[in-house]
Number of protein chains: 4
Amino acid sequence: MKLRDENKVPQIYQATLKLVRASGIAGITMQAVAKEAKIATGTLYIYFNNKESLLVGLFNECAKNSASGFFRNYDPGGPFKTGFRTIWLNILQYRISHFEEMLFIEQFFTSPYIEEATKMAVKKIFDPLRELIQRGKDEHLIKDIDSFWLLTFMTGNINEIAKRIHYFNKKLTPEIEDLNFQLCWDGIKS
Amino acid sequence: MKLRDENKVPQIYQATLKLVRASGIAGITMQAVAKEAKIATGTLYIYFNNKESLLVGLFNECAKNSASGFFRNYDPGGPFKTGFRTIWLNILQYRISHFEEMLFIEQFFTSPYIEEATKMAVKKIFDPLRELIQRGKDEHLIKDIDSFWLLTFMTGNINEIAKRIHYFNKKLTPEIEDLNFQLCWDGIKS
Amino acid sequence: MKLRDENKVPQIYQATLKLVRASGIAGITMQAVAKEAKIATGTLYIYFNNKESLLVGLFNECAKNSASGFFRNYDPGGPFKTGFRTIWLNILQYRISHFEEMLFIEQFFTSPYIEEATKMAVKKIFDPLRELIQRGKDEHLIKDIDSFWLLTFMTGNINEIAKRIHYFNKKLTPEIEDLNFQLCWDGIKS
Amino acid sequence: MKLRDENKVPQIYQATLKLVRASGIAGITMQAVAKEAKIATGTLYIYFNNKESLLVGLFNECAKNSASGFFRNYDPGGPFKTGFRTIWLNILQYRISHFEEMLFIEQFFTSPYIEEATKMAVKKIFDPLRELIQRGKDEHLIKDIDSFWLLTFMTGNINEIAKRIHYFNKKLTPEIEDLNFQLCWDGIKS
DNA sequence: GATGAATGAGCCTTCATTCAT
DNA sequence: TATGAATGAAGGCTCATTCAT
């Protein structure tokens, strides 16, 4: 008996992300995914019930990966600014190195595939960051503003940096990291 | 294509934007656009050569509209911070009140329809802002950083605010304007 | 403007029936129907929402046609036996000359497409016959048996004759009509 | 194909019949049969070369079963009417209790799977009945009519009874047996 | 110019059949 | 032998585009 190939799902996810990069979520066809993943169309349906399942599965995978990437090396017990910078940089670097995931997530959010429940689940990814921000406010290190807007400020900036790095073929040097972090930090610090 | 009925094109654009809002750029079909615009499918092809033309046309229209919206009431001769705040607020308000356009532009950027030339053309919209920023640097009012990143910082933040206002059903009160502008300003000021 | 071709629907129905004859209801594919009707596949979907609609539509058409065929030249005021023979012969002749319809109806009944409501509606076609049979019983000309079984007897026989005429390449001569009617009549007469 | 597990084939046949009952011959897929028979898809191909083999095999099995069912307790040496009634009742009861087989056979006849040879082979099943009918004619007990039509008359009626018993949820009581046999007998008797 | 029916390539999905284990 | 994953050719349906009116 041939066992279910444990490698197929990641393989399929990779193929899908590659297509997203090339022509957006609208450009994803099951045929194209299969071809890119070097399997037959029918095989896709062994691992996923339908196209929606595939996309939702990939979305969840991306969300999970992000979560672990964002908080790598982050020590909740350390000083605020250290932690904040670590997370800021993690997110930025993750977004850049996993740019396809970012594109996919963004487009998935405006696609007919997403459900309200999923949207809400994603918010939780940032919970550790939300807690850190709260601590920063408690310690009077950053502005006493609704965390919602502080998060908006921070992520909006990071996303845009990531996009422009890609779209304008820039490199993320330490200098550019510093410079952009400085803008962010000066904005939120009290 | 002879444009007889000058009213049809805006009508078609409006219909298209409405569809984008409802189900993303992938939800745009010529049939759906025609129906929404209350004309026949064939008629679309009198005003546009094909689907791509329509989308590109709409994109340009959006770009043009944005340009005029962004610099409304802006006096290049006035004080830096006044001008900067005016533009900042114009962009934010425009993005919120023309949210469909924003969605469309964003999705168009990642679609197979966009061409490199178009991307570059869009950059020009921000030229007056770029000049203002240069002046701010010359007057030592803001950080002496590559304008590219200052612009990135500013627009990334604005876009994210606009999105969150919509997705989380927030209202843009003067307080929220002030608070967010403060974050931005503290970030860039020298 | 091109008007909806009033001829298309009958044309499509004919093509469908032809296919049923050739390879059963399971052999009906939209592609095959289109090809047989000499139109494009997409055109089918202008006239029918989907395959089911087409089949249901055809079924209703067949039912309607049958109804009018069965009671041609039938005078409810005439003598019982005359009326009974007229209807008996009408049904038989109709089934033979519209054999494809008969096949289709029979197979449609065992297909996943039929709904309970439709089944019931079909029963009504035989109402005039049911009334006549009742009259026959009232006039003590035929056996006083539940009409359900009298109808079963009559139609079961007719259907089988029609099938065998076709499957064994027989001709329906007046002699064969008489002979078979005699069997039926001797069965039901009191 | 080496038939090791002699139990598998009947198991597969049963599964197939169950599917026919549920959704017609069109509803038979190899995957579904395998699932219903609780074996793997591949296993089907150990016992049958392909789908057609399976269906043809089942058809022959049904034909064989019918043959033995139809002539159970029939004594060719007994009086004509006794024998005729025995067979009449056997066929009716068999059709009702093996309704799925009847459905399958009927649908198989109009499917693309059947071949002319098979059709002819089936005719032989009724040979003992044909002989009995001939004897009835020789003994002047029944009408002197082509046996072809006498058989048509008899079987058409039986089939229709069986169908209606199922479709209208009737029970086959002795009264209903008698009543229907009377109709048939009065029809054919001389 | 305006209409909407007509077209057919292409998309999602199913399914008979094969094959590696 | 038995398994079920893998394959790819259709099948149902959609949609950009054309064309007759």
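Below, read A as the first sequence line, B as the second, and so on, with proteins coming before strands; counting in each chain starts at 1. No hydrogens, no waters, no symmetry mates; every other heavy atom, side chains included, goes into these values.
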Close residues, residues 30-37 of chain B, relative to DNA chain F [heavy-atom separation under 4.0 Å]: B:M30, B:Q31
Protein-nucleotide distance (D:E52, atom CD; E:dT17, atom C1'), rounded to Å: 14 Å
Residue whose closest nucleotide on DNA chain E lies nearer the 5' end, B:K38 versus A:N49: B:K38
Of the listed nucleotides E:dG1, E:dC15, E:dT7, the one nearest the side chain of B:I46: E:dG1
Interface residues of residues 107-115 of chain A with DNA chain F (non-hydrogen, below 4.0 angstrom): none
Residue pairs, two or more places apart or on separate chains, that pass side chain to side chain donor-acceptor pair (under 3.5 Å) and touch residues 50-63 of chain A: A:N50-A:S53
Residue D:Y47, side-chain heavy atoms: nucleotide from E:dT17, F:dA2, F:dG4 that is nearest: F:dA2
B:F48 ring center near B:Y13 ring center (under 6.0 Å): yes
Toward the 5' end of DNA chain F, by each residue's nearest nucleotide, A:I39 or C:T41: A:I39
Whether C:F99 and C:H166 hold their rings parallel, tilted or perpendicular, with breakpoints at 30° and 60°: parallel
Touch class at under 4.0 angstrom, heavy-atom based, for C:I28 against every strand present: sugar-phosphate
Interatomic distance, D:I12 CD1 vs F:dT1 P [rounded to whole Å]: 13 Å
Selection residues 101-110 of chain C - residue pairs positive for salt bridge (Lys or Arg N to Asp or Glu O under 4.0 Å), sequence neighbours left out: C:E106-C:K163, C:E106-D:K163
Rounded distance in Å - CG (C:L19) to P (F:dG11): 12 Å
Atom NZ of A:K119: over 12 foreign heavy atoms under 6.0 Å: yes
Distance in angstrom units between C:K8 NZ and E:dG4 P, rounded: 16 Å
Minimum side-chain heavy-atom gap D:T110-C:Q107 below 4.5 Å: yes
Residue pair C:D5 / C:Y47, side-chain heavy-atom distance below 4.5 Å: yes
B:L44 CG to F:dC19 P, straight-line distance once rounded to whole Å: 17 Å
D:E100 side-chain N/O to D:L17 backbone N/O, donor-acceptor pair under 3.5 Å: no
Parallel, tilted or perpendicular: ring planes of D:F108 versus D:F59, cut at 30 and 60 degrees: parallel
Protein-nucleotide distance (D:N50, atom CG; E:dC19, atom P), rounded to Å: 15 Å
Closest to side chain of D:Y45, choosing from E:dA16, F:dA6, F:dG11: E:dA16
Pairs flagged by ring pair (Phe, Tyr, Trp, His ring centres under 6.0 Å) wherever residues 23-44 of chain A is involved - sequence neighbours left out: none
Side-chain donor or acceptor of D:R21 paired with backbone N/O of D:L103 under 3.5 Å: no
A:D5 or B:K51, whichever maps to the more 5' nucleotide of DNA chain F: A:D5
Sugar-phosphate only, base, or nothing, as touched by B:T43 at under 4.0 Å among non-hydrogen atoms: base
Taking every non-hydrogen atom, the tightest pair across C:L19 and C:I28: CB-CG1, 4.4 Å
Base-pair map of DNA chain F as dot-bracket, where | denotes pairing with a different strand and pairs are Watson-Crick or G-U under 3.5 Å: .||||||||||||||||||||
